[in-house]
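So the structure is just underneath, and the comments pick up after that.
Values reported hereafter were calculated over all heavy atoms of this structure, with side chains retained and with hydrogens, waters and symmetry mates removed. Treat the numbers as computed from the prediction; the structure is a model and nothing was measured.
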Amino acid sequence: MNVTETKYILFAIILFALISRLWGIGDVNNFVGDESEFIPAAENFMETGMTVPPTAWLHPPMNYFLTYSSIKAFGRNPYGWRMKDVILGSLSVLVLFMLAKELFKDVKIACISSLLLAIDPLHLFLSRSNYMEMSSVFFFLTALYFIVLYLKGRIASLIFGGFFLGLSAASKWYYLLSFAFLLIFVAGHKYNEEKRRWRNLVYIFVVLVLLPLSIYLLTYYPWFKRGYDLFDLFQIQVEAYKVLQSMKLDLFANAFLRETASSPLEWFIRPLIFGALIKTEGAWGRFFVLMGNPAIWLLTIPSLIFLVYRNRTYKDRFITLLLVLFVSTYLQFILVRRPIFLYSALAILPFVCLSVAYLLVSLLRMFSKSVWSFRLLLLGIFI
């Protein structure tokens with residue numbers, strides 16, 4: 001593939017991602033899903049510092065900043081409620097392309113990774129609603145991109161990596177275990193460099209621990225203005241963890257959400273499809289449809305096995321990083337005691353797309369050297 005063809009393919013993928021996420025988001029002119037909680041919570045928190053409704057305090061408040069800004073920019077209407085995820089979802093496709101290109105030095109893997117994310121039904125669904133997951137995933141992918149650039153010597157500073165890690169943690173706690181492994185990975189890489197070894201480790205700690213922590217604390221500024229302090233925040237974080245861990249399925253008010261409860265062990269071994277009627281329009285109806293892409297998701301485990309096999313042969317540190325991030329993120333969902341819903345698979349989805357793209361391109365190279373074979377593969381995936 002030449003540079004011009006790559007640009008055209010990437011442009012087409014990003015354009016499709018944006019149009020498919022934007023198209024029709026204003027057709028349902030009322031709160032759907034958890035929007036009935038998230039929208040009032042964002043306005044209450046930003047204007048008064050209060051965490052209302054009652055369950056709003058269980059999650060970090062970054063989504064409230066984003067939702068409030070979206071409402072101010074696009075109005076208190078379906079576009080204002082949902083546009084922030086339309087934008088972040090579309091940008092995630094672009095960031096995944098850039099990340100894949102850096103990880104594997106292969107534009108074909110980058111193109112297929114971004115295409116898989118652009119067409120995934122779960123990513124599409126959550127990009128067209130107001131959910132906390134989208135911002136957490138986008139910020140983590142962006143942080144990872146800058147960290148990989150730093151490890152490759154393409155940039156001299158880790159600050160952007162630490163900054164976006166902080167935003168990700170302040171959106172949702174999905175990647176806390178991955179943060180720890182990522183910190184160890186970066187520190188281990190720099191420790192092997194003899195020059196300024198301990199100075200590098202101190203720098204990494206400051207930028208990847210203290211900076212994200214500072215950003216996390218800053219997102220609670222409206223709450224601190226009401227007279228609370230760091231000890232109060234520590235207490236509610238501990239209590240939030242306990243409440244989240246002890247939740248039972250019947251405590252969730254959203255009936256459709258309760259139906260989507262699933263074991264993470266099921267996600268990549270059988271198709272999972274959940275639907276619910278939003279409203280009728282004559283002989284037609286509008287539905288929530290929450291599902292993955294079975295043709296791709298069922299390739300996840302074979303892809304991981306293939307990555308392990310290739311890594312034993314080539315000892316690629318970035319394949320190692322991908323495997324570690326996938327396992328550490330997935331492990332959180334497997335070990336947690338509370339009910340897990342299908343939408344949480346979004347946190348692992350970028351790693352699924354990277355792994356499956358790596359497998360597909362590797363198989364393509366084994367069986368065909370034709371330029372047209374890659375184009376046909378892209379078309380086949382899209383169809």
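- For the residue pair Gln245/Tyr241, the side-chain donor-acceptor check at 3.5 Å is satisfied.
- Remark: Phe382 engages Phe16, Leu115, Ile119 in a side-chain contact (heavy atoms from CB on, under 4.5 Å) (not counting sequence neighbours).
- Remark: Asp232 engages no residue in a side chain to side chain donor-acceptor pair (under 3.5 Å) (not counting sequence neighbours).
- Taking the six-membered ring for Trp and the full ring otherwise, Phe45 and Tyr64 have centroids separated by under 6.0 Å.
- Scored by the side-chain contact (heavy atoms from CB on, under 4.5 Å) test, Lys242 finds Val238, Glu239 as partners (sequence neighbours excluded).
- Residues meeting the salt bridge (charged side-chain N to carboxylate O under 4.0 Å, His left out) test with Arg365, sequence neighbours left out: Asp106.
- Screening Tyr150, Tyr145, Phe146 for a ring-ring contact (aromatic ring centres under 6.0 Å, His included) with Phe160, the sole residue that qualifies is Phe146.
- Here the CG atom belonging to Leu342 is positioned 5.5 Å from the CG atom belonging to Leu122, to the nearest 0.5 angstrom.
- Sorted by first and then second residue, the side-chain hydrogen bond (donor to acceptor under 3.5 Å, both in side chains) pairs involving residues 294-309 (not counting sequence neighbours) are Asp120-Trp297.
- Checking side-chain atoms of Arg128 against main-chain N and O of Trp23 turns up a donor-acceptor pair under 3.5 Å.
- Under the side chain to side chain donor-acceptor pair (under 3.5 Å) criterion, Arg76 pairs with Glu43, not counting sequence neighbours.
- Under a 3.5 Å cut-off, the side chain of Asn77 and the backbone N or O of Phe74 do form a donor-acceptor pair.
- Applying the ring pair (Phe, Tyr, Trp, His ring centres under 6.0 Å) test to every pair with at least one member in residues 200-220, sequence neighbours left out, gives these pairs: Tyr216-Tyr220.
- The backbone N or O of Ser344 lies less than 3.5 Å from no partner atom in the side chain of Glu133, so there is not a single donor-acceptor pair.
- Counting only residues at least two apart or on different chains, the ring pair (Phe, Tyr, Trp, His ring centres under 6.0 Å) pairs with a member in residues 93-137 are Phe104-Tyr358, Phe125-Phe288, Tyr131-Tyr343.
- Between Phe164 and Phe138, the ring-plane angle classifies as perpendicular under the 30° and 60° cut-offs.
- To the nearest 0.5 Å, atom OG of residue Ser171 and atom CE of residue Met62 are 6.0 Å apart.
- Summarising the hydrophobic clusters (Ile, Leu, Val, Met, Phe, Trp, Tyr; side-chain heavy atoms under 4.5 Å, direct or chained), the residues clustered with Trp81 are Phe31, Ile39, Ile71.
- In this structure, a donor-acceptor pair under 3.5 Å is absent between the side chains of Ser328 and Tyr175.
- Residue Leu272 holds its CG atom at 9.5 Å from CH2 of Trp267, rounded to the nearest 0.5 Å.
- Note that the CG atom of Leu96 and the CG atom of Leu141 stand 6.0 Å from one another [nearest 0.5 Å].
- For the residue pair Lys84 / Asn63, a side-chain donor-acceptor distance below 3.5 Å is found, with atom types taken as modelled.
- Residues forming a salt bridge (charged side-chain N to carboxylate O under 4.0 Å, His left out) with Lys105 (at least two apart in sequence, or on another chain): none.
- Under the 3.5 Å distance criterion, the side-chain polar atoms of Arg270 are left unmatched by any main-chain donor or acceptor of Glu266.
- To the nearest 0.5 Å, atom CG of residue Leu322 and atom CZ of residue Arg317 are 14.5 Å apart.
- Counting heavy atoms of neighbouring residues, nucleotides and ligands inside a 6.0 Å radius, atom NZ of Lys101 does not exceed 12 of them.
- Taking the six-membered ring wherever Trp is involved, the centroid distance between the rings of Tyr228 and Phe224 does not fall below 6.0 Å.
- Between the side chain of Glu259 and the backbone N or O of Phe274 there is no donor-acceptor pair closer than 3.5 Å.
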_Verdict with supporting geometry, Ser129 and Asp85, side chain to side chain donor-acceptor pair (under 3.5 Å)_ = CA-CA 7 Å; Ser129 310; Asp85 279 348; over 6 Å; no
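- Residues Ile273, Leu277, Phe287, Val289 make up the rest of the hydrophobic cluster containing Met291, defined by ILVMFWY side-chain heavy atoms closer than 4.5 Å, directly or through other members.
- Judged purely by atom type and a 3.5 angstrom limit, Arg82 uses its side chain to pair as donor or acceptor with the backbone of Ile25.
- Sorted by first and then second residue, the pairs that involve residues 373-383 and meet side-chain hydrogen bond (donor to acceptor under 3.5 Å, both in side chains), not counting sequence neighbours, are Glu5-Arg375, Ser368-Ser373.
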